[in-house]
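This report concerns only the one structure given below.
So you know, we letter chains A, B, ... as the sequences are listed, proteins then strands, and number each from 1.
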Amino acid sequence: MKKDFAERVWDVVAQIPVGRVTTYGRIARHLGLGRSARMVGYALHAVAASDDPMAVPCHRVVNRTGALTGALHFPTPTAMEERLLSEGVTFLDDGRVDLDRHLWEPDTAEDE
DNA sequence: TGTATGACCAGTC
DNA sequence: CGACTGGCCATAC
């Protein structure tokens with residue numbers, strides 16, 4: 001186990017407040033990964049395969065369009081939106097997360 | 001050891 | 001304004 005970029009991703013994702021979501025790109029850029037947002041999603045996938053899949057609220061991480069891309073990788077395809085709804089997150093008519101209301105940025109939105 | 005792919009994003013044609 | 005290609009870095013075979 002290397003635990004490098006993945007841990008940083010988990011750390012940031014773990015900082016996402018309840019009822020709020022962020023995008024892979026935001027996390028990637030915040031970590032200095034730049035455009036390697038793919039690694040962010042890959043890191044989350046690594047968490048799912050890790051010993052503590054629940055260690056990171058991966059359900060609070062969506063893509064740039066707010067689509068639950070990772071939902072397909074969840075134990076159940078509906079687990080992701082179910083959890084978000086349970087946290088008070090609203091969805092658009094397209095089935096995407098309302099980023100305009102719940103978009104959270106790493107460290108840049110600490111004061112809300 | 002090398003090639004291929006991936007829970008993506010942004011710029012360019 | 002719409003669609004495509006490139007890039008990025010790590011994991012898997």
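- Distance, A:Arg29 CZ to C:dC9 P: 14 Å, rounded to whole Å.
- Atom P of nucleotide B:dA7 and atom CZ of A:Arg96 are separated by 17 Å, given to the nearest angstrom.
- Criterion: ILVMFWY side-chain heavy atoms under 4.5 Å apart, direct or through other members. Under it, A:Val18 and A:Phe91 are not part of a common hydrophobic cluster.
- Between A:His59 and A:Glu87, the side chains place a donor N or O and an acceptor N or O closer than 3.5 Å (distance only, hydrogens not considered).
- Distance, A:Tyr24 OH to B:dC9 P: 8 Å, rounded to whole Å.
- The separation between A:His45 atom NE2 and C:dT11 atom C1' is 10 Å, rounded to whole Å.
- Not a single donor-acceptor pair, N or O on each side, falls under 3.5 Å between the base of C:dA10 and the side chain of A:Tyr42.
- The CG-P distance, from A:Leu72 to B:dG6, rounds to 13 Å in whole Å.
- Atom C1' of nucleotide B:dC9 and atom CG of A:Leu99 are separated by 14 Å, given to the nearest angstrom.
- A donor and an acceptor atom never sit less than 3.5 Å apart when one is taken from the side chain of A:Arg38 and the other from the base of C:dC9.
- Closest approach to the A:Ala48 side chain among C:dA10, B:dC9, B:dA7 is made by B:dA7 (side chain taken as heavy atoms from C-beta onward).
- Judged by distance alone, the side chain of A:Arg60 and the main-chain N or O of A:Ile16 form a donor-acceptor pair under 3.5 Å.
- For residues 54-70 of chain A, proximity to DNA chain B is found at A:Cys58, A:Asn63, A:Arg64, A:Thr69, A:Gly70, defined as any non-hydrogen atom under 4.0 angstrom from a strand atom.
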Between A:Val61 and A:Thr23, does the side chain to side chain contact (heavy atoms under 4.5 Å, CB included) criterion hold? Intermediate values first, please. CA-CA 6 Å; A:Val61 187; A:Thr23 68; over 6 Å; no
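- A:Leu31 has its CG atom 13 Å from the C1' atom of C:dC9, to the nearest Å.
- In this structure, the side chains of A:Tyr24 and A:Met39 stay at 4.5 Å or more apart for every pair of heavy atoms.
- Using a 4.0 Å heavy-atom criterion, one finds that A:Gly34 contacts no nucleic acid atom at all.
- A:Gly88 and A:His102 get closest at one heavy-atom pair: O-CE1, 3.7 Å.
- Comparing the P positions of C:dG6 and B:dA4 gives an interatomic distance of 15 Å, to the nearest angstrom.
- As a whole-Å value, the separation of A:Arg35 CZ from B:dG11 P is 7 Å.
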Test side chain to side chain contact (heavy atoms under 4.5 Å, CB included) applied to A:Val13 and A:Leu44, step by step: CA-CA 9 Å; A:Val13 177; A:Leu44 295 180; 4.2 Å; yes
